[in-house]
Amino acid sequence: DQQVKQNSPSLSVQEGRISILNCDYTNSMFDYFLWYKKYPAEGPTFLISISSIKDKNEDGRFTVFLNKSAKHLSLHIVPSQPGDSAVYFCAALSNTGNQFYFGTGTSLTVIP
Amino acid sequence: EAQVTQNPRYLITVTGKKLTVTCSQNMNHEYMSWYRQDPGLGLRQIYYSMNVEVTDKGDVPEGYKVSRKEKRNFPLILESPSPNQTSLYFCASSPGGFNGEFFGPGTRLTVL
């Protein structure tokens, strides 16, 4: 059973606007949540993470928000750029620090 | 350059013929892992290793073996490959969970 879910397979956004990618999880014992970006024919690249004791973490154009009561996190990209077009994976790290669980990915297209 | 390397990048084989996919990292990371990526299923962890001689099963370990005799290497072994192991495989290493994982470029495996 999928413990981390990304229910939107794809998203299109105009250049300069905000991209919001969503992720839901079922296990309240996850310690950290992470976002990765993946271009075709490459491995995923780590973008940003957030501890389960925080509700927001920001790094440049990328901000991750965590809503523990809703078991939901989101990645905001502002402003969106054409180079942001990629597949974005949400992931969670178990509280033992050993195991990662990934979502199914959301394909973001930023239209120039 | 910090990197995770995998070999081979592409492999076509037949059912039952043992194969090994090598993985090496030059970042002195203790944590390494293997994933498979399948359409609609995202990335699923096969095995992970917290350190030399310490390995453990991920979500989908059936049909796979791993070994960790040196810190830098973490080979994935398919003793008797079957067509349902046709997939895109990624090796990854990490300095610590919340720092995310560094992924290799992937190995596209086809089992006929």
Side-chain angles (χ1 to χ4, degrees), chain A residues 1-10 21 23-27 29-54 57 59 62 64 66 75 86-107, chain B residues 1-7 9-10 21 23-25 27 29-51 54-61 66 68 74 87-108:
Chain A
D1 191 30
Q2 197 88 20
Q3 297 196 48
V4 177
K5 299 177 184 179
Q6 294 175 259
N7 293 317
S8 298
S10 62
L21 297 107
C23 178
D24 297 296
Y25 60 95
T26 57
N27 187 343
M29 300 301 286
F30 287 136
D31 220 13
Y32 280 91
F33 300 91
L34 309 95
W35 284 94
Y36 290 82
K37 172 180 179 179
K38 184 183 182 302
Y39 293 121
E42 294 183 11
T45 302
F46 170 68
L47 272 178
I48 190 169
S49 67
I50 186 167
S51 165
S52 60
I53 63 172
K54 306 273 189 184
N57 187 27
D59 184 2
F62 301 92
V64 56
L66 176 61
L75 175 68
V87 176
Y88 288 79
F89 288 99
C90 168
L93 177 64
S94 66
N95 60 344
T96 57
N98 294 351
Q99 206 164 344
F100 288 93
Y101 297 87
F102 279 74
T104 52
T106 296
S107 178
Chain B
E1 179 191 353
Q3 60 183 349
V4 177
T5 57
Q6 297 178 227
N7 282 292
R9 295 289 312 277
Y10 301 91
V21 184
C23 173
S24 182
Q25 50 98 0
M27 294 167 280
H29 291 163
E30 292 184 346
Y31 185 94
M32 295 186 75
S33 63
W34 276 102
Y35 294 86
R36 60 179 289 173
Q37 183 185 4
D38 301 290
L41 296 175
L43 287 152
R44 294 179 293 167
Q45 199 172 41
I46 302 170
Y47 268 95
Y48 60 91
S49 169
M50 298 294 288
N51 212 328
V54 181
T55 63
D56 214 338
K57 296 176 181 178
D59 264 357
V60 287
V66 293
R68 187 92 182 273
F74 191 44
S87 187
L88 178 58
Y89 291 86
F90 290 101
C91 180
S93 71
S94 175
F98 61 89
N99 293 304
E101 294 181 279
F102 289 79
F103 280 81
T107 295
R108 173 75 65 183

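Keep in mind the model is a prediction, meaning the values are calculated, not measured. Throughout, a chain's letter reflects where its sequence line sits, starting with A, and its residues are numbered from 1.
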Answer with side chain, backbone, both or neither: which region of [X] has an atom nearer than 4.5 Å to a non-hydrogen atom of chain B?
X: Ala41(A); value: backbone
X: Phe33(A); value: neither
X: Gln6(A); value: neither

Can you say whether Arg9(B) sits under 4.5 Å from chain A via the side chain, the backbone, both, or neither, judging by heavy atoms? side chain

What part of Gln37(B) lies closer than 4.5 angstrom to a heavy atom of chain A: side chain, backbone, both or neither? side chain

Spacing of [X] atom [atom1] and [Y] atom [atom2] [to the nearest 0.5 Å]:
X: Lys57(B); Y: Gln99(A); atom1: NZ; atom2: CD; answer: 12.0 Å
X: Phe102(A); Y: Tyr35(B); atom1: CZ; atom2: OH; answer: 4.5 Å
X: Leu43(B); Y: Lys38(A); atom1: CG; atom2: NZ; answer: 8.0 Å
X: Thr104(A); Y: Asp38(B); atom1: OG1; atom2: CG; answer: 12.0 Å

Among Glu101(B), Gln45(B), Met50(B), the residue with the most heavy-atom pairs under 4.5 Å to chain A is Glu101(B)

How about Arg44(B): does its CZ atom have over 12 heavy atoms from other parts shown lying under 6.0 Å from it? yes

Kindly indicate, with the supporting measurements, whether the criterion ring pair (Phe, Tyr, Trp, His ring centres under 6.0 Å) is fulfilled by Phe100(A) and Tyr31(B). CA-CA 12 Å; Phe100(A) 288 93; Tyr31(B) 185 94; 5.7 Å; yes

